[in-house]
2 protein chains.
Amino acid sequence: MNESVDTLQSLIISAHRLTRIAAQHTGNGTSPAVWRTLSILINDGPMRIGELAAASRVAQPTMTKIVQNLAAEDLIRRIADVDDARAWLIAITPKGQNALNTWLQQVAESAAPLFSDLTADDWAAMRAVASILERHISVSEVAA
Amino acid sequence: MNESVDTLQSLIISAHRLTRIAAQHTGNGTSPAVWRTLSILINDGPMRIGELAAASRVAQPTMTKIVQNLAAEDLIRRIADVDDARAWLIAITPKGQNALNTWLQQVAESAAPLFSDLTADDWAAMRAVASILERHISVSEVAA
DNA sequence: CCGAACTATATAGCTGCGCTATGCAAAATC
DNA sequence: GATTTTGCATAGCGCAGCTATATAGTTCGG
């Protein structure tokens, strides 16, 4: 079972290197926390700041600040929560969806040359693993 | 080929979420740049600060600072370069190897419960992908 | 060999992330 | 309806990582 440990380690380190390669290649230094947050909003729909902080795995005040910055750029919008006057629902805007897509596109394009020699089987394995990870790290799973 | 783009995006986002889960779970907030650096030193042996900065994909002054911090904790040591008095070779110490291993172990252990239901086939796919990524994002590959 | 250009690292100073501690206002509880 | 609890905001700190620049060693033309 130690192979699992090595595998996870390797996956994580490689992914972080990919991120840095893309960040340098595109000159886009947007923080991972920002696009993690946008991606959560797309996948799981509008939610409160507190939920968003837990889902994106940052402290609540950190998420407050992220949301403020995103709102200033119209990438998200705040919707009053009719049930609780203290709370807001945070929703991604079309502009926000574009911003995330553009960023992800840049990452993938920066990485693409490194993977030009992958076979169809390789890509199939990559897709399978991406799917496994998504299922097991989704917001609902991790809530436990 | 757009599937490749989606796949890479998904892998990267999942990996970053795993990292945050581990950081919160263990309370170990060590910067990704630090263990990326240590992992490069283990895989590729001693190298200069400039090379290390390029390999870890940070600016040179950033690496200077990282190396200073790591040296203060005896996780790396500086070796004078006999060929060039301006340069140093940076080598990881046994203590540094332990530190990296401990950190990676914590990450994997934090993640393990999420993956307890994976089949042997799933793990085989994970290993295959980890291997693919390592081969394509190694320091020598990326030098281009 | 001597000075100019180049190179390897270090320093200075900035911006912004993410944290803890705390404040404040709305719910919930009794 | 006063107390406790909850959800978010603010304050303020520490540090990562950046650009610009300084410093010291190397290389190369003459």
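Just so you know, these numbers use all the heavy atoms, side chains as well, and skip hydrogens, waters and symmetry mates.
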Answer with yes or no whether the side chains of B:Ser14 and A:Glu134 bring together a donor and an acceptor at under 3.5 Å.
-> no
Ignoring hydrogens and angles, state whether a donor on the side chain of B:Ser131 or B:Arg127 is under 3.5 Å from an acceptor on the partner side chain.
-> no
Integer-rounded Å distance: D:dA16 C1' and B:Ile66 CD1 | 8 Å
Rounded to whole Å, the NE2-C1' distance (A:His16 to D:dG17) equals 16 Å
Between A:Asp83 and A:Asn69, name the one whose nearest nucleotide on DNA chain C is closer to the 5' end.
-> A:Asn69
Heavy atoms of chain B, cut-off under 4.0 Å: which first and last nucleotide of DNA chain C, 5' to 3', fall inside that, if you could look?
-> C:dT7 to C:dC19
Quick one: which residue pairs count as a side-chain hydrogen bond (donor to acceptor under 3.5 Å, both in side chains) with a foot in residues 90-102 of chain A, not counting sequence neighbours?
-> none
By side chain to side chain donor-acceptor pair (under 3.5 Å), which residues pair with A:Asp122, not counting sequence neighbours?
-> A:Thr119
For B:Ser116, side chain to side chain donor-acceptor pair (under 3.5 Å) partners two or more places apart = none
Classify the nucleic acid contact of B:Ala85 as base, sugar-phosphate or nothing, counting any heavy atom under 4.0 Å across all strands shown.
-> sugar-phosphate
Quiz: residues 68-83 of chain A side-chain donor-acceptor pairs under 3.5 angstrom, not counting sequence neighbours:
residue: A:Asp81; atom: OD1; partner: A:Asp83; partner atom: N; Å: 2.9
residue: A:Asp81; atom: OD2; partner: A:Arg48; partner atom: NE; Å: 3.2
residue: A:Asp81; atom: OD2; partner: A:Arg48; partner atom: NH2; Å: 3.0

Any side-chain N or O of B:Ser31 under 4.0 Å from OP1/OP2 of D:dA16?
-> no
Compare all side-chain heavy atoms of B:Arg36 with those of A:Arg20 and state whether any distance is below 4.5 angstrom.
-> yes
Letter by letter from the 5' end, nucleotides 5-10 of chain D scores (B base, S sugar-phosphate only, - none; protein heavy atoms under 4.0 Å) -BSBBB
Check: B:Val58 main-chain N/O paired with B:Thr62 side-chain donor or acceptor under 3.5 Å = no
